[in-house]
Amino acid sequence: MRRTLTVALSLALISVIASNGCKTVSRALNKSGTMFVVEVVQDGSYAAVSVERSVKVVQSRLNAVGIDGEVDQTGGNRFEVKIFGAADLEKVRRFLFTTYKLELKKVVSPPSPLFQTYPDQEKANAAASEEQQVLPYSEREVNDKPQYVIVEKVPIITGEEIRSAQAVSRTGSESDYQISFTLKRDGAEKFGDWTAKNINNYLAVVLDDKVASVAFIKSQISDAGEISGRFSKAMAEEIALALNSGYMPWKLKVIEEKPF
């Protein structure tokens, strides 16, 4: 079942990314394409593994959507990505080099019925301690401006502990998709312990340092979660594929793009 789902998502996303509608382009027939030179913006806590892991994750993303390409580490904190044949480079660039950093963090707020939000970042910063951080929450906009939420800096769970992710819709609408995910064993145990101790508190689902959704903890949860927020079908599938391709919590910077 999991393999069938992965293939279905891959075929759906490649129809968006590949401009010629083909799954791959044979290098024997077409050796031209586009090369990206990418720099890893290294985080001190991950500096020893960031480049090597980035190479593996980006190659995994290429494989997930059937794009013919290769990734090579070139030394230092840089690597090269070659995309063979024609492709929608804007979509390729976004999918390959966006972090998709998933974290679950406790919301700093009184218990129900409503969690605490702030109308601007300055007021939220004034209320936060050194162990907390302020993040935008676009789902709770007022006059087209995001509200802000205070969360604990240390995450409960990160994308490192994701077992699998998939795009789902309960309404069938193309603009009403979510990403459901399951956790590996150690992550599930940790999450189950935390939720059992935090009933009636709030949990923020954070994606790339923005609060995507906030959940109210009504009972213990062990091995599953959801990123809600009314994503488009294509974007939800893209995020799910990225989460399935491996955890990459640092940023990537494209410093050169050229044909070959």
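Only this structure's heavy atoms are used, side chains among them; waters, hydrogens and symmetry mates stay out.
With hydrogens and angles ignored, the 3.5 Å screen pairs a side-chain donor or acceptor of Asn244 with a backbone N or O of Ala240. Not one N or O on the side chain of Thr182 forms a donor-acceptor pair closer than 3.5 Å with the backbone of Ala224. The backbone N or O of Val206 lies less than 3.5 Å from no partner atom in the side chain of Glu103, so there is not a single donor-acceptor pair. Of the possible donor and acceptor atoms, none in the side chain of Lys101 sits under 3.5 Å from a partner among the backbone N and O of Lys251. With hydrogens and angles ignored, the 3.5 Å screen pairs a side-chain donor or acceptor of Thr171 with a backbone N or O of Ser173. Between the side chain of Lys153 and the main chain of Glu130, a donor-acceptor pair closer than 3.5 Å is present. Formation of a donor-acceptor pair under 3.5 Å by the Ser245 side chain with backbone atoms of Leu241 is found in this model.
With rounding to the nearest 0.5 Å, the separation of OG in Ser32 from CZ in Phe84 is 9.5 Å.
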Requested in this report: Test side chain to side chain contact (heavy atoms under 4.5 Å, CB included) on Lys106 and Asn201 and set out the steps.
Outcome: CA-CA 8 Å; Lys106 182 179 180 179; Asn201 286 313; 4.2 Å; yes
Worked check of side-chain hydrogen bond (donor to acceptor under 3.5 Å, both in side chains) between Glu238 and Tyr100
CA-CA 10 Å; Glu238 184 173 307; Tyr100 300 105; 2.5 Å; yes
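Ion pairing between Asp193 and Lys197 holds under the 4.0 Å rule for side-chain N and carboxylate O. Between Arg78 and Glu256, none of the side-chain N atoms (NZ, or NE/NH1/NH2) sits under 4.0 Å from a carboxylate O, so this pair counts as no salt bridge.
At a threshold of 4.5 Å between non-hydrogen side-chain atoms, the residues Pro146 and Tyr137 do not count as touching.
With ring centers used as reference points, Phe79 lies 6.0 Å or more from Phe36.
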